[in-house]
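Throughout, residue positions are numbered sequentially from 1 according to the sequence presented. Computed over heavy atoms, backbone and side chain alike; hydrogens, waters and symmetry mates excluded.
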Amino acid sequence: MKELAKKDMVEGEEAFERFDALVGKVMAVPRKEILRRDAAYKKRAAKNINKRGPKPKRRDVSRDLGAAPLS
């Protein structure tokens with residue numbers, strides 16, 4: 001276990017090269033593609049009925065949008 005931890009902790013020139021390669025991979029993805037993937041994930045996650053935490057607001061389909069207010 002200690003060997004693995006030492007292997008992951010890199011300093012100096014190699015650390016910079018690894019970081020630079022990672023940033024290059026992230027920046028290679030266009031923003032439009034990231035937004036598309038995020039929207040697809042949110043759509044898929046919204047279908048999960050067992051989701052913890054606050055639920056996204058849903059459109060109220062029971063309201064009659066053409067009716068006049070009661071006041």
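Atom CD of Glu17 is separated from atom CG of Leu22 by 14.0 Å, given to the nearest 0.5 angstrom.
In terms of hydrophobic clustering, with Ile, Leu, Val, Met, Phe, Trp and Tyr side chains grouped at heavy-atom distances under 4.5 Å, Val26 and Leu35 are assigned to different clusters.
For Glu33, the CD atom sits in a packed shell: over 12 heavy atoms of surrounding residues, nucleotides or ligands are nearer than 6.0 Å.
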